[in-house]
Every structure is written in C-alpha cells, then in structure tokens.
Novice: 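This is the structure, below, for whatever I ask next.
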Amino acid sequence: MKRFTGSAVTAATPVPVNEVATVCPYCGVGCAVSYVADGDGRVLYGRGRDGSANAGRLCVKGRYGVDYAAHPQRLTRPLIRRETSYPKGPLSAFSKADSSGPRKPGSIVDYDEVLPHFREASWDEALDLVARRLLDIRQQHGADSLAGFGSAKGSNEEAYLFQKLVRAVFGTNNVDHCTRLCHASSVYALIEGLGSGAVTNVVRDVENAEVAVLSGCNPTANHPVAASFIKDAAEKGTKLLVVNVRRPPIADFAEQYVQIRPGTDVAFYNGVLHVLIEEGLYDSGFVAARTEGFEDLRAVVSRYTPALAGSECGVPAEEIVRFARTLGSAATAMFFWGMGISQHVFGTNNARCLIALALLTGNVGRPGTGLHPLRGQNNVQGASDAGLIPMYYPGYQSVTDDSVRARFEQLWGVPLSASAGLTTVEITHGALDGRIRGLYCQGENPFMSDPDINKVREALSNLEFLVVQDIFLTETAEFADVILPASSALEKTGTYTNTDRRVQIGRPVRGLPGEARQDWEILCEVANRMGYAMDYADVSAVFDEFVQATPLYKNLSHAVLGDRGRWYPCPDPASEGEKVLFSDTFPIGRARLVAAESAAAPELTDDDWPFILNTGRQLEHWHTGVMTRRSSALDAIAPEARVELHPQDAAALQVADGDWVRVRSRRGSVSLKANLTDAVARGTLFIPMHFREAAANLLTNPSLDPLAKIPEFKICAVQVEPLRL
Amino acid sequence: MSAEQVNLTIDGRDISVPAGTSVWDAARALGIDIPALCHDPRLRPVGACRLCVVDTGQRNLTAACVRPCEDGMQVVTDSADVERHRRMLTLMLLSEQPAESAREATTGDDMLYALARRYGIEAVDLPDGAEGCPRGADQSSPVIAVDHQACILCDRCIRGCDEIQHNNVMTRTGKGYTARIAFDLDAAMAESTCVSCGECVAVCPTGALTNKAVHGLWLRRGEGDGA
C-alpha cells in the first residue's frame, strides 16, 4: 500500500524563517515582494505582494536574484589602501587596459588579486582619515575641488543625506548620480515642457489607453513586470506603436513596429507631427487652452514631410503616415520611452518630440493618457527627487535661486554654494584635468557605467583622494584610498520611489554582515567628523526632514506609507496619492511645445568604422553587474556577454553563432562571442553593459548632450573582426 | 452599477451579486472557502480539477468556479455528499503523487497535501507495484524544478504564463496518461524561450513546479533526510 507522507513532512522540524514585506531591489517598476529568510539572513524564496505596480507579479531578478546580499565577497570591515600600493591605478589585471579576450579572466573582481593592496582598519581610523583628507583638500583647493556620486540604488533617506553632506559639509553642488546617465535628458525636457520631471501617469493605467507608444525601450527585459501590464492591455485592444532601432520582443504584440535608423528619432517624430498637423489629427482645443509654442512647432515640422523624414530614418513614408493616423485618431494615448530616446547627444531633443506628440494630441492629464519615461533603477526617481542633482536641491528647487537657497541655508544652518555643480561625466573629466581632487562614491561604479572607460581609469587614478562606500569591492573601489563597507537593500529600512512616483518602504530581511554599517549612519559619521553635526534618532526622522525640505513629498511619512506606499503628490494622506497629474493645469501654467531639429550623431560610420554600436541592458543582469553577477541563479542563466550581430553581416564576416569576435572603437576594444539575431538591423551591433570582461563602455563615445549632459551611449562607430582561436 | 443583480443563498445565507459572478466568487464574498486546485482569483476559471464542486439541487454536483450564479439558486458547499466527492478526488490525485512534496519542502504551500491533511488521508490504498514515477522530470532550469509526476494538469501554470505574464511559453503535450505540460514545442525548460519569471511556480498548487533552493536551503525536511 502506498504511504502518503504529507503528515510526516509537516511533522519534521521546519527551518525557522521570517517573512518580510519589502520592495524589490532591482528596477524602477518597484514590485512589492516578501522575502522569506532563515536566521542567517539567507533568502529561501520570494513571493510577489499585491503592490500598486505589480499585483503579485515578479520577474527573474526579483524572484531569484537576491542571494547577492549573502555572497561571501561582501565587504565586512573598513579598508585602507596600503602605502606600497601607491601611486594609484587599477589593481586587478582585468581593470587594466587591453584586458578583454577569450583567454582573459572574466566575471567579478578577483579579491585575491585586489585585497592584498588594502589593510583592514577600525571604523574610527577609516572615518577619521576620510574626514581629514576631505577637509585638507577643501582647505587647499577650495570646496569645488570635492565631488560626490550618490546612488539611485540607495533609499530616499540616503540620497537626501548624501546631497546634504556634499552641499552643507563639503560646501559644493558637485553632486550627481546615474540619472545623468539614463534619463537626464528626459527630465530636462519634461521640466522645460511641463514644469515637472516625473511621469504624468502610472504604467498600469495603460489599460485605459487606446494607443500606447513605446519608444526606444525594451520593457520585457528592463521593466519586465511593467511590460506584462502593457501586454495585458495589448491583448485587450490597446494598440501598441513600437519604435526602436533594435526590435524589442514586445513588438510581437504591436499594431505597428517601426525600425528606424540609429539617431533619427527627431526626424521620425517630426514626420509624425507633420502629418498630425497637416491632416488636422490633433487636439486644437487642448493646444489652444493649455499649450504655447504651436506656431513655432508647426513652422519647424512643416519641413519634415513623411517622404523627407522617411528617407532620413530609413522608413517608407506610408509607415509614418500610418503611425500618425493611428495615434491621431485615438481618444487616449500613453507614451513610454527608455534609453533609446534619452542616451544621445540629442536626447533632450528626442524627448521634446515625444512631449510635443502628447501635448499636440491632448494626451496628458486624463486617464489612459500621459508621458512616462520608464525609470531604470529602483530609486532613480527618488534619488533625483531627493536632490542628487548638481543644479537642484531636493524637490527640483534651483540652487541658483536666492530665495530657495536662503531657505536651505536656514534649514541646514550653513551658507551654501550659489553655483550649480558639475555633472557625472564633467566630474570625471574634472578629475582628469585637476579641477576635482577628492571624490566620495556611494554605491556607484563609474568605472563600468561611464562612457569611455579608458578615460575613467585615468581620471580615477588621478584623484588625490577617493572614498568608496559600497557592499562589494567594485572596479571603482580598486582606485580607492578608503573603502567603507555598507548596507545592501536587504539590510535596511528606507523608502524608494518607483517609476510611477509610488513611494514605498523597504524593510530589512537580514542583518548586516560583519562590521558593515547602515549607509545613512556612515554619512552622519563623516559629517560629524568634518565638523557638521548630523544626528537623527532613526531613518524615519531623516525622511521627515527630507519631506520638510521637499514640498513634492508633503503629507508623507513612514507611518503614512505603511506596507502599500503612496503616490506623490499626496494631497490627502488618507488617499493613495495622485495617479494622473496635470488634469487642469501644468506647474508652469501652459505647457511648452518645443520644436527640435534633426542632427547627425557625433560619430558616424565610414570605411574604417563600418558598424554602429548600440549598448543597453538584458533581462537577467543589472547595470554594472555588481549584484546580479553575484547571484548564483542569474549568473547561471546568463553567464557571459554576447554581441548581437545580424546574420547577414555575420555571413559576410564569416562569423558563426558563438564565435569570438573583437569589437573595436576609436577608444578601445573588447572581445566576446557573437549572438546572431535579426533583432538588430544590418550594420548595427548591440552589447549589454553588464560584463566587465567585455565592458561596452570601453567603446562608447563620451560626447554629451549640451543641455542635459547625458553621454552618447547608443551610437558609436566600431569595426568587428573574427577572432580565430 | 447597471449590471443586473441576481439573488441566491449559499449555505443558507442570502447574497446579491452581479449577473455572471461565479458561485465560487460569491461564496468567497461571504467568507465561505470552497477548496480548489485549478482555480486562482487571478486566473480565468477552467473547471478542471472539480474540487470546488457544490450542490445546487440539480442532478449533478457542479464546479463552483465556472458556474454562474442564478436568481433563486440554493447552493450547499459542504454537504456530506460534496465532501465525499472532494475526498475521493483528493485520493485519486494523491495516488499519482510522488511520496514527498517538493513544494512542502521549498515554499510549504502544497495545496494537494493541505487537502490530504484536511481529509485525514494518510495512505492511498493501492496494490504493491501499482505506483511508480514514470512521468519524468525536467531539471534543466537553474531556478525551477519540473516534476511531471506531481502535476495534476490543472493548467494554472499555462494560464499564469499566458494570461498573467503573457510570455506564452507553456502548453500541454501528449495524450491520455502521457499528457503533460511542456515548454515551446516540448523543449527542455532551459532551452526554451522561458524567461524564468517564476509565475508558473507561483501559481502551481502542487510540487510539479517549484523553486530550486538558491542557498541549498529547505523550508522543511521529510523523515530520513537527516539534518
């Protein structure tokens, strides 16, 4: 007879676990999740909670990718660089030049190679050293020779304290973070056009949209749970209009997919705007009542006939007309975009076009309408809101506005710098030319994330003093004088603001490893030792001060947020907050239609450099790979970098799927395996940014958008050659 | 709401619901828990497992998850007859199950085992040699274990993949006793277009689709598993 052992299983001693309601540490979707961990803080499994952004859904990263926090390579004690390891430079063979190739080491930083260059120190010694060196540099070279990179992976509270440390204690506005590298141009254009840099509507309202434009984004890889709601809508009748140089999988659900040539977004959308105006398919009432600048826009786009625009972007004129008619005849439309729009030297102009499309068709301020730049990191919205931006205090209040500055001087009790600070790439360049001498890097890894790594290597080596506060020894930390072991998202209480403007509390699932400390406490310690008193009872008190400084977050507190969070603005703490913004008016009154002219990318193909390289992300990995490559599951699913190459180009190069190739730009070269796919157009390549052994940013062009200072990550000219092993 | 309302009684309690509401949902609104293996509120009901049968006074018991409420309907969810049916169904499903549940060991929420406990089933009365585990497994994915032996063909995974995540990877293949779930055109899970979102694991009611233990940790261990 068959024994059924169900009761025996339950009788066995269960592992003692605790389940914590928190927020996923990965992308900007902000999925509510519970992690179940054992007494040692090792996560057994995660399950989706019914959050406003995810309704119980998760993706591979949030469900299977959080074991990084328990990785044995976590930093557990402060580290100080040994005297013998000066002058500074990269320490692992890998971070040196020309290190990419099939026989070179891959994966994560080799601790055996790097750690001997550092000695363990007490917190007191390390913190005193940080404070003393930063004070010395300030005294000798002035406050503007110091700078800080904060992190969009940290909490709002950490971001607020970090920018306060740089502004009130260092005395400079040289504080920035990776928003500069992802949506700086979108934010610039939105603030210019509407007076607000955040999304005007939440992702899930796409269910009320007749049309959704998905431009320069690949949500199934980068915002997988948001993508599932967009696909929900598509199956229920929402028409997706997808524009992308590289075919994203969500194009399978599209009414129309348009594959334009790299860098021709402005021409394409100007063509669409041309048709909308020419055929009267725009909302003249909305344009008259709520916008300005229509005549200037009309004058510019009148030149972009579908034929002209189409020939520039490599698309038949009829495709542009069809796109415009579908959009123009819809009662409601939402606009989603990603890095394919923003990460260009003309990123601001690209975003201006999408804003003009939404305004011209009256698609802002109602359910099923809105502008939604899909934010990348879990807290890139919040870190920007909290003031990790060189030109704004918390809440986008200008540092050059005297009355604003006076208010912050009173709040923080010190005089503040009146001039806007340097942006991310400007700080790196400043380190090269000696303007920047001391840098505080909290949870950011510019060695991997900034364009033109060979230049970043020189810049980091050139710094007089670099302090890195992080959870692992990153590539950037190889250049550090002091490394401070910090807290992962799974170890702290703090709030995160997702792409929908939803502010949610993350809670600790596990304890800190070794002597690692909470980031907010480390920042307070450094401030105190530099002579500025920072003292908070707990992290919710930091949030309260942030709210006090930031009218955008009025009415919010940890108690109000609870387990479900709130959208900001939140005029009534008993409500969920505002989902759809700008129903009646814009923060600047009338929205501005800003015309943009098409321009050529700074680096184009020629006989020597015949391919265009595009860079981006992939589903299983996250930014510079510091976390995901230390997740056993994610690393097993996607262990290596591959360059996407069109099969016909591959045939011409005599390259088969999986063959090694070398990709070279004017700035560097990497070697990696080829992945043949017709998702990329002929003459174009795609390399994900996550893999240090084939770092895409060795190749990228550091040219900047003149307004938003975002680098050109999406277009650089390269050559490809097979690597015969 | 302009939708037409219908009035009915469930276990003697009156309720008014919009026309088209299922008996299962109406009972849930009253706080009456009708067991179900193939149904989940996030999924389109299919009435596959028949565990949610209720007595509506008609010739046969009816599956509550797919049965719309009707005006004047009198539903009994827990009669002896109903419970006898559910116990028999549970017994039959258990007869095919592996001896231990991978779900109990990983997330501790095997719904079939929970039903076994509810109905006090300790053993399945089959002649020696009648059972086996001939239906196979797929251990190719680094994060998800597939055990066809524990699968009750409720299709929750397929609907989770299609209707919740819209990844459209999962399907059924085979006929009769060899029927089972499959990925793409019956590829190994790791070779398929699966994106490892884990929705199939989240909705699976049994040990058929479970998380692999990331740290080698198990929630519970069975007898004889040692430490």
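Chain naming here is simple, since letters A, B, ... match the order of the sequence lines and numbering starts at 1 in each. The shown structure was predicted, so the numbers you read here are calculated from the model rather than taken from an experiment. Hydrogens, waters and symmetry mates are skipped; everything else that's a heavy atom, side chains included, is used.
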Novice: With respect to chain B, which residue among A:D38, A:D232, A:V17 yields the maximal number of heavy-atom pairs within a distance under 4.5 Å?
Specialist: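 Ranked by heavy-atom pairs under 4.5 Å with chain B, first place is A:D232.
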
Novice: For the residue pair B:P142 and A:I637, establish whether any side-chain heavy-atom pair is separated by less than 4.5 Å.
Specialist: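 Side-chain contact under 4.5 Å: yes.
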
Novice: What part of A:E620 gets closer than 4.5 Å to chain B, counting heavy atoms only: side chain, backbone, both or neither?
Specialist: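 Neither part, no heavy atoms under 4.5 Å.
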
Novice: Can you establish whether the number of heavy atoms outside A:E640 located under 6.0 Å from its atom CD is more than 12?
Specialist: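 Yes - once you tally the heavy atoms of other residues, nucleotides and ligands closer than 6.0 Å, there are more than 12.
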
Novice: Roughly how far apart are B:N167 CG and A:K231 NZ, rounded to 0.5 Å?
Specialist: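 These two atoms lie 4.5 Å from each other.
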
Novice: Under 4.5 Å from any heavy atom of chain B, what part of A:F253 do you find: side chain, backbone, both or neither?
Specialist: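 Only the side chain of A:F253 comes within 4.5 Å of chain B.
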
Novice: Could you grab the distance from atom OG1 of B:T107 to atom OH of A:Y45, nearest 0.5 Å is fine?
Specialist: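 Answer rounded to 0.5 Å: 5.5 Å.
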
Novice: Name the region of A:A234, side chain, backbone, both or neither, that has any atom closer than 4.5 Å to a heavy atom of chain B.
Specialist: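 When you check distances to chain B, no heavy atom of A:A234 falls under 4.5 Å.
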
Novice: Report the distance from atom OG of B:S196 to atom CG of A:L634, rounding to the nearest 0.5 Å.
Specialist: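 Rounded to the nearest 0.5 Å, the OG-CG separation comes out at 9.0 Å.
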
Novice: Using a heavy-atom distance cut-off of less than 4.5 Å, which residues of residues 199-207 of chain B contact chain A?
Specialist: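 When heavy atoms of chain A are the reference, residues 199-207 of chain B contributes B:E199, B:V201, B:A202 within the under-4.5 Å range.
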
Novice: Is it the side chain or the backbone of A:R57 that comes within 4.5 Å of chain B heavy atoms, both, or neither?
Specialist: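 It is both, since atoms from each part get that close.
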
Novice: Specify the closest pair of heavy atoms between A:Y64 and B:I144, including all atoms of both residues, with the distance to one decimal.
Specialist: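 Residues A:Y64 and B:I144, closest heavy atoms: OH-CG1, 3.4 Å.
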
Novice: Non-hydrogen contacts under 4.5 angstrom with chain A: give the residues of residues 152-164 of chain B involved, or none if there are none.
Specialist: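 Residues in range: B:D162, B:E163, B:I164.
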
Novice: What residues of residues 28-54 of chain B make heavy-atom contacts with chain A at a cutoff under 4.5 angstrom?
Specialist: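 Interface residues of residues 28-54 of chain B: B:R42.
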
Novice: Suppose we screen for salt bridge (Lys or Arg N to Asp or Glu O under 4.0 Å). Which residues come up paired with A:R204, at least two apart in sequence or across chains?
Specialist: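 Not a single residue meets the salt bridge (Lys or Arg N to Asp or Glu O under 4.0 Å) criterion with A:R204.
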
Novice: CD of B:Q165 to OG of A:S228: how many Å apart, nearest 0.5 Å?
Specialist: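 The distance works out to 5.0 Å.
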
Novice: Report the C-alpha distance between A:R47 and B:D109 in whole Å, list the side-chain angles of each, state the deciding distance to 0.1 Å, and finish with yes or no for side-chain contact (heavy atoms from CB on, under 4.5 Å).
Specialist: CA-CA 12 Å; A:R47 66 169 116 230; B:D109 55 351; 3.9 Å; yes

Novice: Mark yes when over 12 heavy atoms from residues, nucleotides or ligands other than A:K239 sit less than 6.0 Å from its NZ; otherwise mark no.
Specialist: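 Atom NZ in A:K239 is not packed in, count stays at 12 or less.
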
